[in-house]
Every structure is written in C-alpha cells, then in structure tokens.
Asks: 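Quick one: the structure is below, questions incoming.
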Amino acid sequence: MNIRDIEPHLAAIRDKTLREVEIPEEAIDEIDFEKPPDPEMGDLAIPCYALAPHLKKPPPEIAEQLAERLEATAEDDDSDSGLIGTICPNGPYVNITLAPSRLADVVVTDALDRERFGGDVVETSEHWMIEYSAPNTNKPQHLGHVRNDLLGESVATLAEFGGHDVERVNLINDRGIHICKSMVAYQIDGERETPDEAGLKGDHFVGHYYVRFNELIDDEYDEWKSTDEAEREFRDWVEREREADRLPDELGEQEPQIREAFFESFRDNYFNDYSELGERARDMLQRWEEGDDEVLELWETMNGWVLDGFDETYERLGVEFDHVYYESNTYELGREIVEQGLEAGLFERLDDGAVAFDLEEVGLDDRKILLRSDGTTVYMTQDLGTAMQRFEAYDLDQMIYVVGDEQDYHFDVLFRILAELEPELEGKLHHLSYGMVDLPEGKMKSREGKVVDADDLMDEMHDLAEDAVRDRYETLDEDEIERRAERIGLAALTYHVLDYNPRTNVQFDPEESIDFQGRTGPYCLYSYARIQSIGRRVGGWPDLDGEARAEALQALGTDREMEVVRHLRNWPDRIEEAVRDLDPSEITEYVFELSQSFSSLYNDPDHRIVDLEGPRRDGLLLLARAVGRTLETALDLIGIDVLEEM
RNA sequence: GAUCCCGUAGCUCAGUCGGACAGAGCAUCGGGUUCCUAACCCGAAGGUCGGAGGUUCAAAUCCUCCCGGGAUCACCA
C-alpha cells in the first residue's frame, strides 16, 4: 500500500457500508471525505447531512449508526492490514483516525522510496504550452516582471512534476513605438556610447534612454502648453464640455486646475498630433517597417544590449525557456487567418477597408478591429496567428498565457474569436491572470523611473543575506559566504513573491524589504539545513529496509511525529491542487507548514534524536530524511535551491 | 456609463467549486538554550469576515442591492 491507495481503500469500505443501508448510488457518489478541522478528531471525516433525506433521521443519529456499521465492514475486510485506527461519530460526522504506526510506515516509506514522491499525480498527462515573461525591449525588468517570470517558471515546473509535458515559451516584444522612443533618445543624447563604456547592464543602459525620452517629451510639452495651438485645443475642449453640461459657463478660480487636468489627459494626443519627438519616433517606426538599414542596425544593436541584460536576470532568477519568439518575426502571422475568416464570413470588412469581428456574436459589446484600414496588423491579429500556429505545430492540449489582469478583457476576446475560428480550441486556452505589484505610493511607472528594479532588488536581498551570514560565522570562506548569501537572498525574494495567490494585488514596500524570519524562504531553507545537520551528526542516514525499517517506522506515533507524517501524507494531494489551480502559493504554504511541523518536533526535548536509541531513533531519522527530501523537492518547484548548511 | 477583480486581526495576506469553534506571518506582550544550527520553539492578546436583505438544515463562501478601492472598455501593446 502507498499513500494514494489509502483514500480509495477507505472509500470502498464506506461505499460498501452505505449500499448495505440502501443508499442510492447517486447519493453515494455525492459523498466525499472531508478533512476534520482538528487532527485530534481524525484523519478523514464522512459528513452525514446528505444521507438524512434517504434515511429520514437527523445527521447525528445517522453518524452514530454508520460508525458502528463501518466498524463491522472494516473488520470483515482483510486487505486493510490494520490501517484503520478508530471510527467514531462526532455530531453529524463520522471521523476516521488511521492507526498511527501503520500510517507512519506507509507514508514515510513512500516519501523515501518513490523516485518522484508527490509527482505524476494528474489523471491524464497532457501537452501544455506556457507563455510567460514576454518583456518589452526598451527597459529593464521590474518587480512586476519578476512576479510574472517566477509565476510562469513555477507553474511550468509544477505542471511537469505533476505529470504534464510542458513547453516554456517567451514572446519578446522587440518592436513598436516604445523601442523607437529609446532609440530616438539615444540618437539625441548618447551617440556612440555603449553599455560597457557606461558601466551598465545593457537593459539598464537602454532603459536610461527610455526615461530620457520621456523627460525630453515633458520639456517639449511644457513649452508647447504656452503656444497659441495649445490654447486653441484647450478652448475647443472647454467648449465641448460646456455643451455637454460638464463645465459651467464661467470657469472662474477653478481655471488653473481645469487647465492642468486637461493637459494631463491631452498628453497622448499631443504626442500623436503635435510633438516633434513623437513625429521622430513614429518616423523611425515607419522606417523600421520599410527595412531602412540605418534604423535596423541601431535597432539590432540596442535590442542586443537589452537581451543580453535579460539573459543575466533570467539566469539569476532561475527562469528558462524552451522556445523564444520575437514579435519582429511574428507580428504578421495571423493576417492570413484573418483573411480566411473574412472569406468564411466570420469577420466583416468595414467601409474604410479595416477588418473587424462583431463581438455581439459572442455576447460582448461593440466590435474588435483585426486589420487596420491601412492593412497592418494589430496585437490581436498576432495573438490569433501565434495561437493557431502553436496548436498546429505542437498538438497542444492546453495553452496558458501568464499575463497581468489588466489584460483580462483582451484574452476574453482572443479566446472567443479563436473558438469561432476553430471550435476544437474551446477549453484549451487559459489566461493565468495575476494582480499588479504596487508600491505604497501607487503604481510603478517605468517611464518615470519609479520602479523596484529586478536586478537592484536581487542585489539588496543578497546583501541582507550576506550580513546575516557574516553575523553567524566568524570564519567562513568568502566564496562560501557569497554562495549562501545568493541562495538565501533569492529564496527570500522568490518565496515572498510566490506566497501570494496569483490574483491578489500585492503591495510591496521597499523600505520594509523582505523578511528572513517567520513564513519566509530562509525559514524553510533553515529547516532543511537543520535536518541535514542531524544526518551529519549521526554519521549518515541509516540504510534500513524490510523488517528493520518497518519496525523503526512503526515505533513512531507521538502527536508531534504524527503531525509531520500527516503533512507528508498531504503532499501528493497538494501537488494535484497546485497543478489544477496553477497556483504556486499552494506550495509555499505547504513548505512552510511542513517546515513548521518539523521545527516543533525538533525543539521538543522528548524528540531529540541524538538522545534516543533503538528503533525509535531510527524511525525519527527516517522521518527527518523523508521531510528533508520532500522539502528539497517542494522548494525546487518554486525555484528555490536548498543549502546543506546555513 | 458598462463589464471584470478586490474589501477578512494594527499591518501584509490565507480561507471564497456552502459544512464542525474564521487561520498564518509580521508587529505587541510573556516564557524557553549545560542539548542535533535561536534565521528556532512555546504561550497570550487581537476579528459586527465592507453594509443590508435573500436562498439553505448550514453562508466569509451562493444570489440581489448599496458603499469603498482597482482594472478594462483603441484601427496601443
């Protein structure tokens, strides 16, 4: 018997008993085991509410009688080999407690022997593709990107461990007006300077010019605000607002504020209609699309710098991809699909030549443009194209996009259009939507340089960890300090970021930084390191099997030991849940709980392994070893590398 | 204006496909080391689950309305 046989085994006994009292099959199907709120009550519970209508008795009475019958059925069943400890009614529930020593034997044996303990739990193995990161190449990554990177990487690793076949994909947004902004600023300000000369990482170097461009635009805009053109735009707007009764006839003392609000909202219009720098950036984009050599060369150079920078960041974060695509290559994909859809009558051509999809056909409002009137593609076109291409090339069962929740609507529309184009894709598309990371003062803004930079943050975590390591050791090899500081710092960051449910909007306070104490990555690493320390102290883990091992494991049974055992038992179920929900925070929670239950045991005077002897000592050593193995696996799934010593 | 997400302890968050007394970490207060790493352990205090109705044997969880915060509704990405 192993862990995953326990529940089916008990379910068989339960169902057999229910049949004896003539509960209809469909009612039996409805009944699932629940987990009692307190382990004191038992390991599994059968709620009896649903049986009340069939037996015409109050649930507590049913529970009492059912418990007796279950006991009888279990006694007759010889496949059980003493797994069930007690069966007792408790109000409307029947609680089943498993025999401690037997449970410890089954669970720890599984945890020690199984090649991938907790892995390969999904019902059917599927082919998944997960797209994440998808950065723009005009600026370095910030904490928001880190959340995306870590989420995507972790979900991919989780899905693989759960038993799926996974393709990790990055689609790099290397074209568009935002890149041209950095390029224009570079032409104006930074001719011939390179990241090396500036002593900066390539992505930071280019990001500097992106910020610079926005400063230049701000200056230009401020100057423009006092021109006659600006005044005319303002007056026209005021006129329109008055007609719509949104402004009074006389602005009076309010005028300066109203004026300021107008110019704030007019910023994009200014950029598109009046700005010389805007003109220059758009002109550059135009020339890029025409294949202008000079522009292409600058573009390639600057993109190269950024991508080199990204590679460093990815490597440090432990993020990897199987396939990397570039929008400069894929932005035309989809044009053909749209044209086919047009012929098939799915889309319509508007009077000005643009192609649109009528969203009312899928229950939404308005329409979505798929090809501009000048024939060029939009974001949606590309997403349609890449999706169709991927399903064809990889025969996917599931395509998952890890993208922020501000794009919920985009993906809703994308999936509906895809389902119209190819009904088979229905249910195979998923947007893993996650909340924003905000600072105490509000949103991060790259264009204003108000961000928590990914590389800086990793450096800070490293430094904090380094201080902590130095505090603890008077003499330690410098390389070793570096190695530990890096792992501990990254563990703290990774754990912190993944410990939120993905949909949660996270508030991150850079001042308060990230803790190393309590529910944190370092805490979990520490638990692991202490377990390894026990192994070293006793001169290596005992190599027991067969009878000797069974005897050792069956010597376990105290409350503290059983709490650890119960957590181990939950591991495969937890993986199943985390994969189903695409939620690494299930794993961060698990790692903490397992670490915590072991820490309690570790600190208890009655469970000091070095003070014990005989089978109980061996049993505890095997339990510690099993926890260590499971921690290592679990931490790996959230991208954290363990340390043998801390 | 419409649609979507969120509102739980002083703070940051779990719990939201209905079930047993609403949980954790941090912060606060009190305790623990002649002993395997104190990045630890044990304990205390802290909550009208935004509000009001409703459905149900049972609601933080489902439905309706209201209040508050965020996002989205481009021939941008």
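As a basis for the values below, the full set of heavy atoms in this structure was taken, side chains included, without hydrogen atoms, waters or symmetry mates. Chain letters run A, B, ... following the sequence lines, proteins first and then strands; every chain starts at 1.
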Asks: Establish, with yes or no, whether the OP1 or OP2 oxygen of B:rC41 is under 4.0 angstrom from a side-chain nitrogen or oxygen of A:Y523.
Replies: yes

Asks: Mind checking the C1' distance from B:rU34 to B:rC29? Whole angstroms is fine.
Replies: 29 Å

Asks: Kindly give the heavy-atom pair with the smallest separation between A:N173 and A:I179, and that separation in Å.
Replies: O-CD1, 4.0 Å

Asks: Closer than 4.0 angstrom, basic N to acidic O: yes or no for A:E576 and A:R580?
Replies: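 Result for this pair is no, no salt bridge flagged.
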
Asks: Regarding A:A624, tell me which of base, sugar-phosphate or nothing describes its non-hydrogen contacts under 4.0 Å with the strands shown.
Replies: nothing

Asks: Report the nucleotide, chosen from B:rU72, B:rA39, B:rA74, that has the shortest atom-to-atom distance to any side-chain atom of A:F516.
Replies: B:rA39

Asks: Between B:rC73, B:rG15, B:rA20, which nucleotide has the shortest distance from any of its atoms to the side chain of A:Y409?
Replies: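 Shortest atom-to-atom distance from the side chain points to B:rC73.
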
Asks: Just compare B:rU12, B:rA77, B:rA20 and give me whichever is closest to any side-chain atom of A:Y500.
Replies: B:rU12

Asks: When the P atoms of B:rA59 and B:rA20 are compared, how many Å lie between them, rounded to an integer?
Replies: 11 Å

Asks: Can you tell which of A:E486, A:E482, A:E480 makes a salt bridge (Lys or Arg N to Asp or Glu O under 4.0 Å) with A:R484?
Replies: A:E480

Asks: Within the 4.0 Å heavy-atom criterion, would you say A:S599 contacts the bases, only the backbone, or no part of the nucleic acid?
Replies: sugar-phosphate

Asks: Among A:T588, A:D581, A:D583, exactly one meets side-chain hydrogen bond (donor to acceptor under 3.5 Å, both in side chains) together with A:S585. Which residue is that?
Replies: A:D583

Asks: What distance, rounded to whole Å, do you find between the two P atoms, one in B:rG25 and one in B:rC41?
Replies: 9 Å

Asks: Anything under 3.5 Å between a protein N or O and an N or O of nucleotides 4-10 of chain B, put it in a table, one pair a line.
Replies:
unit_1 : atom_1 : unit_2 : atom_2 : d
B:rC6  : OP1    : A:R503 : NE     : 3.3

Asks: Can you tell me how far C1' in B:rA71 sits from the matching atom in B:rA9, rounded to whole Å?
Replies: 28 Å

Asks: According to side-chain hydrogen bond (donor to acceptor under 3.5 Å, both in side chains), who are the partners of A:D405, at least two apart in sequence or on a separate chain?
Replies: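 side-chain hydrogen bond (donor to acceptor under 3.5 Å, both in side chains) check on A:D405 returns nothing, list empty.
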
Asks: Is A:R530 close enough to B:rA38 that one of its side-chain N or O atoms is under 4.0 Å from OP1 or OP2 there?
Replies: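 For B:rA38, OP1/OP2 do have a side-chain N/O of A:R530 under 4.0 Å.
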
Asks: On a whole-Å scale, what distance lies between the C1' atoms belonging to B:rU48 and B:rA27?
Replies: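 Pairwise C1' distance, B:rU48 against B:rA27, rounds to 24 Å.
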
Asks: Where the side chain of A:N95 is concerned, which of B:rA77, B:rA38, B:rA20 is the nearest nucleotide?
Replies: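 Given the options B:rA77, B:rA38, B:rA20, the side chain of A:N95 is closest to B:rA20.
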
Asks: With distance as the sole criterion, is a donor-acceptor pair present between the side chains of A:S433 and A:D408 under 3.5 Å?
Replies: yes

Asks: Any base atoms under 4.0 Å from A:E593, or only sugar-phosphate, or nothing? Heavy atoms, all strands.
Replies: nothing

Asks: Please determine, for the side chain of A:I534, which listed nucleotide (B:rC21, B:rC36, B:rG32) has the closest atom?
Replies: B:rC36

Asks: Under 3.5 Å between N/O atoms: give me all the protein pairs with nucleotides 55-62 of chain B, atom names plus distance.
Replies:
none

Asks: Check this one for me: any side-chain N or O of A:R519 less than 4.0 Å away from OP1 or OP2 of B:rC26?
Replies: no

Asks: With no hydrogens and no angle check, do the side chains of A:N148 and A:S133 hold a donor and an acceptor under 3.5 Å apart?
Replies: no

Asks: Mind checking whether A:H496 and A:F508 have parallel, tilted or perpendicular rings, split at 30° and 60°?
Replies: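 Because their plane-to-plane angle is over 60°, the rings of A:H496 and A:F508 count as perpendicular.
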
Asks: Quote, to the nearest angstrom, the C1' distance that separates B:rC13 from B:rU8.
Replies: 10 Å

Asks: Give me the ring orientation class for A:H142 and A:H145: parallel if the planes are under 30° apart, tilted from 30 to 60°, perpendicular past 60°.
Replies: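 It falls in the tilted class, 30° to 60°.
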
Asks: Touch check for A:D438, heavy atoms < 4.0 angstrom, all strands: base, sugar-phosphate only, or nothing?
Replies: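 Here A:D438 touches no strand at all.
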
Asks: Suppose you measure atom P in B:rG70 against the same atom in B:rG53; what distance do you get, rounded to whole Å?
Replies: 28 Å

Asks: Between B:rC26, B:rA39, B:rC76, spot the one nearest the side chain of A:V469, thanks.
Replies: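 The nucleotide sitting nearest to the side chain is B:rA39.
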
Asks: Consider the side chain of A:D366, meaning its heavy atoms from C-beta on, and name the nucleotide among B:rA20, B:rA74, B:rC36 that approaches it most closely.
Replies: B:rA74

Asks: Distance-only criterion, 3.5 Å: show the donor-acceptor pairs between side-chain atoms of residues 48-63 of chain A and protein atoms not counting sequence neighbours.
Replies:
unit_1 : atom_1 : unit_2 : atom_2 : d
A:K56  : NZ     : A:P53  : O      : 3.0
A:K57  : NZ     : A:Q65  : OE1    : 2.7

Asks: For a quick check of understanding: with a heavy-atom distance under 4.0 Å over all strands, which category does A:N138 fall into, base, sugar-phosphate or nothing?
Replies: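 No contact.
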
Asks: Describe the nucleic acid contact of A:V538 in one word from base, sugar-phosphate, nothing, applying a heavy-atom distance below 4.0 Å.
Replies: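 Touches nothing.
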
Asks: State yes or no: are the ring centers of A:H410 and A:Y379 separated by less than 6.0 Å?
Replies: yes

Asks: Donor-acceptor pair, A:R574 side chain versus A:E586 backbone, under 3.5 Å?
Replies: yes

Asks: Between the protein and nucleotides 42-45 of chain B, are there any N/O to N/O pairs under 3.5 Å, and if so, what are the atom names and distances?
Replies:
unit_1 : atom_1 : unit_2 : atom_2 : d
B:rC42 : OP1    : A:S600 : OG     : 2.7

Asks: Identify the two heavy atoms, one from A:D358 and one from A:R367, that lie closest to each other, and give their separation to 0.1 Å.
Replies: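 Nearest heavy atoms, A:D358 then A:R367: CA-CB, 4.3 Å.
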
Asks: NA contact type, A:I488, heavy-atom cut-off 4.0 Å: base, sugar-phosphate, or nothing?
Replies: base

Asks: Looking at every strand, decide which applies to A:Y602 at a 4.0 Å heavy-atom threshold: base, sugar-phosphate, or nothing.
Replies: base

Asks: Given that A:P92 and A:N136 both sit by RNA chain B, which one's nearest nucleotide is further toward the 5' end?
Replies: A:P92

Asks: RNA chain B in dot-bracket, Watson-Crick or G-U pairs under 3.5 Å, [ ] crossing, | other strand?
Replies: (((((((..((((.....[...)))).(((((.......))))).....(((((..]....))))))))))))....

Asks: Measure the spacing between OH of A:Y326 and CG of A:D174 and express it to the nearest 0.5 Å.
Replies: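 Rounded to the nearest 0.5 Å, the OH-CG separation comes out at 7.5 Å.
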
Asks: Side chains of A:E561 and A:T558: is there a donor and an acceptor less than 3.5 Å apart?
Replies: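 Judged by distance alone, the side chains do pair up.
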
Asks: With rounding to the closest Å, how many angstrom separate the P atoms on B:rA22 and B:rG68?
Replies: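 Taking atom P in both B:rA22 and B:rG68, they lie 30 Å apart.
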
Asks: Would you kindly check if the NZ (Lys) or CZ (Arg) of A:R14 is within the cone defined by 45 degrees around the ring axis of A:F33 and under 6.0 Å from the six-membered ring centre?
Replies: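 Judged by the rule, A:R14 and A:F33 form a cation-pi pair.
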
Asks: Which one, B:rA20, B:rA39, B:rC17, comes nearest to the side chain of A:R472?
Replies: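 The closest nucleotide is B:rA39.
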
